[in-house]
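Right, one structure below, let's go through it.
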Amino acid sequence: MKVAVYPGSFDPITLGHLDVVVRANRLFDRVIVAVAKREEKHPLFSWEERIALARQATAGIAGVMVEGFDGLLVDFVRAKGADAVVRGLRAVMDFDYEFQMALTNRKMAPEVETIFFVPSEKFFYLSSSLVRELARAGAELSCFAPPVVVAALKKKFGEKV
Ligand code: PNS
């Protein structure tokens with residue numbers, strides 16, 4: 001049984017994240033979407049809210065589960081007995097950060113492989129921060145975020161969204 005961990009802040013989970021989940025799910029028997037606590041980043045949604053939104057957004061995808069984690073990613077990966085860490089790689093802007101993270105994780109846990117998935121070009125410039133910004137400005141969000149997230153953003157920012 002091959003297990004992948006897909007970590008992130010997921011503040012909130014977007015259609016770009018879900019695209020990566022679906023791609024990873026084709027190659028792995030189980031994909032654990034791992035929602036990092038990261039309260040030092042002052043996320044818009046609380047840890048519990050981000051976990052709940054990710055859970056609802058992935059509810060229809062067999063083989064995918066959502067869990068929260070705090071502390072080092074490699075500790076979580078080892079505790080789950082997972083085979084790989086999965087991340088989405090968009091335009092070149094992601095490369096430095098992702099490379100640094102993958103190599104740091106390898107230094108700490110040489111047995112954990114990082115695998116990058118290229119999302120659909122529809123989502124190449126999509127990020128959670130863009131979704132938050134659009135929501136604040138009252139933009140239409142249905143092509144960027146799953147319905148549960150659109151509803152949660154409406155609740156946060158009022159009916160403008
Ligand atoms: O969605 P993000 O914010 O780009 O995700 C970054 C995340 C949560 C995957 C990364 O910050 C992380 O793994 N944090 C846990 C702490 C850790 O293990 N840090 C070392 C990785 S270099």
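This one's a predicted model, so the numbers in the text were calculated from it and none came from an experiment. Start at 1 and go down the list; that is how both ligands and their atoms are numbered.
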Using only atom types and a distance under 3.5 Å, with no angle test, would you say the side chain of Ser120 pairs donor to acceptor with the backbone of Phe123? no

Please report whether ligand 1 has a polar contact with [X], defined as an N or O pair separated by less than 3.5 Å (distance criterion only).
X     : result
Ser9  : yes
Phe69 : no
Arg38 : yes

Which residue supplies the protein heavy atom nearest to atom 18 (O) of ligand 1, what is that atom called, and how far is it?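 Heavy-atom neighbour on the protein nearest atom 18 (O) of ligand 1: Leu73 N, 2.7 Å.
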
Identity and distance of the protein heavy atom lying nearest atom 6 (C) of ligand 1: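 Its nearest protein heavy-atom neighbour is Tyr97 OH, 3.3 Å.
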
Tell me which one of Glu98, Arg87, Lys41, Arg106 gets a heavy atom nearest to atom 5 (O) of ligand 1. Arg87

Is Glu98 paired with Arg90 through a side-chain N to carboxylate O contact shorter than 4.0 Å? no

Which atoms of ligand 1 are found less than 4.0 Å from any heavy atom of [X]?
X      : answer
Leu72  : 17 (C), 18 (O)
Gly71  : 15 (C), 16 (C)
Met101 : 10 (C), 21 (C), 22 (S)
Ala36  : 8 (C)

Is there a protein heavy atom at a distance of less than 4.0 Å from atom 12 (C) of ligand 1?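 Given the 4.0 Å limit, the answer for atom 12 (C) of ligand 1 is no, no protein heavy atom qualifies.
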
Carefully, step by step, assess Asp29 and Lys2 under the rule salt bridge (charged side-chain N to carboxylate O under 4.0 Å, His left out). CA-CA 5 Å; Asp29 302 299; Lys2 290 284 176 204; over 6 Å; no

Step through the shown structure and confirm whether more than 12 heavy atoms of other residues, nucleotides or ligands are within 6.0 Å of [atom1] on [X].
X      : atom1 : result
Glu111 : CD    : yes
Glu67  : CD    : yes
Phe124 : CZ    : yes

Side chain, backbone, both or neither: which part of Asn105 has a heavy atom under 4.0 Å from ligand 1?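 The answer is the side chain.
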
Looking only at heavy atoms, is any part of Gln100 under 4.0 Å from ligand 1, and if so is it the side chain, the backbone, or both, or is it neither?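 Neither; no heavy atom under 4.0 Å.
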
Residue pair Val5, Phe69: steps toward the side-chain contact (heavy atoms from CB on, under 4.5 Å) verdict: CA-CA 11 Å; Val5 168; Phe69 81 101; over 6 Å; no

Contact list for residues 101-110, test salt bridge (Lys or Arg N to Asp or Glu O under 4.0 Å), sequence neighbours left out: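 Counting only pairs at least two positions apart or across chains, the salt bridge (Lys or Arg N to Asp or Glu O under 4.0 Å) contacts touching residues 101-110 are Arg106-Glu113.
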
I would like to know whether Leu18 and Thr14 meet side-chain contact (heavy atoms from CB on, under 4.5 Å); could you show each step before the answer? CA-CA 6 Å; Leu18 289 175; Thr14 67; over 6 Å; no

